[in-house]
Amino acid sequence: MARISDLPVFPLPLVLLPGELLPLHIFEPRYRELVTRCLAGPEPFCVLLEDEAGTREVGCLARDLTVLERLADGRLNVVVSGGEPVRLGPLDDEAHSYLTAEATLLEDDDEELDEDAIEAALAAYNALLSEIGREDAEPLSAQSRLAYALGARIDVGVQVGQALLESRSERARLLLITEALEQGRHSLRLSAERERRAVRNGKVDPAD
């Protein structure tokens, strides 16, 4: 597996998935330095989930760094595109003002596409869109990394997002994203039912 040495690391309370566009507001001096380095390369950096549970070992390369706006005080608004998943070695906080690490690019297992899993994931996605009354401007179709594409379009939360990033099986990712989409749809229905009952003062409508 390919390795990247001295990879800049940007810990954040979110998960970047391959193919996902992520806007960032850069204000801390150390991350301005990180952005300056990556623009000059050009080279990627790693977006790594960090929350109350700690810092993870698997992150996602942030590629195609583009500056949208430079503010007078030095702050920047940028956007990046999710690249490949990577596993990081120990984080180094001494070489630069920002964190760096040696990273290993992660490849998927060699497996055939599961057409049934693909169809189930697309069905769950379209059903959720229908539930919230939204149309997809760019409908998704079967593709080799569909689970990432779905996760990039629907907020499935950091735990599911991280699990998608860490899995090396597209079939496993499809099963995971399908379950998350179905749970999201079920939660929306429960919320709508609670609102209807609240309006009726808790009484059950015989038509339900």
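Scope of the values below: all heavy atoms of this structure, side chains included, with no hydrogens, waters or symmetry mates.
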Residues two or more places apart in sequence or in another chain: which of them pass salt bridge (charged side-chain N to carboxylate O under 4.0 Å, His left out) with Glu33?
none

Across all chains, not counting sequence neighbours, the salt bridge (charged side-chain N to carboxylate O under 4.0 Å, His left out) partners of Glu57 are Arg87

For Ser169, what residues pass the side chain to side chain donor-acceptor pair (under 3.5 Å) criterion, not counting sequence neighbours?
Glu111

Under 4.0 Å between a Lys/Arg side-chain N and an Asp/Glu carboxylate O for Asp108 and Arg171?
no

Donor-acceptor list for residues 116-129 side chains, cut-off 3.5 Å, not counting sequence neighbours:
from: Tyr125; atom 1: OH; to: Asp136; atom 2: OD2; distance (Å): 2.4
from: Asn126; atom 1: ND2; to: Leu122; atom 2: O; distance (Å): 3.1

Let me check something: do Leu106 and Leu176 share a hydrophobic cluster, defined by ILVMFWY side-chain heavy atoms less than 4.5 Å apart, either directly or through other members?
yes

Between Pro85 and Arg168 the two heavy atoms that sit nearest each other are CG-NH2, 3.6 Å

Considering non-hydrogen atoms only, spot the tightest contact between Pro18 and Cys60 and give its length.
N-SG, 3.9 Å

Residue pairs fulfilling salt bridge (charged side-chain N to carboxylate O under 4.0 Å, His left out) with at least one residue in [range], sequence neighbours excluded:
range	answer
residues 10-20	none
residues 92-105	Arg3-Glu102
residues 44-53	Asp51-Arg56
residues 58-74	Arg63-Glu84, Asp73-Arg75

Which ILVMFWY residues can you reach from Leu71 by hopping between side chains whose heavy atoms are under 4.5 Å apart?
none

Please give the remaining members of the hydrophobic cluster of Leu65, linking ILVMFWY side chains under 4.5 Å, ordered by chain and number.
Phe10, Leu12, Leu14, Leu16, Leu22, Leu24, Ile26, Tyr31, Leu34, Val35, Leu39, Phe45, Val47, Val67, Leu76, Val78, Val80, Tyr98

Which residue pairs pass the ring pair (Phe, Tyr, Trp, His ring centres under 6.0 Å) test when at least one of the two sits in residues 148-171, sequence neighbours left out?
none

Pairs involving residues 47-79, ordered by first then second residue, that meet ring pair (Phe, Tyr, Trp, His ring centres under 6.0 Å) (sequence neighbours left out)
none

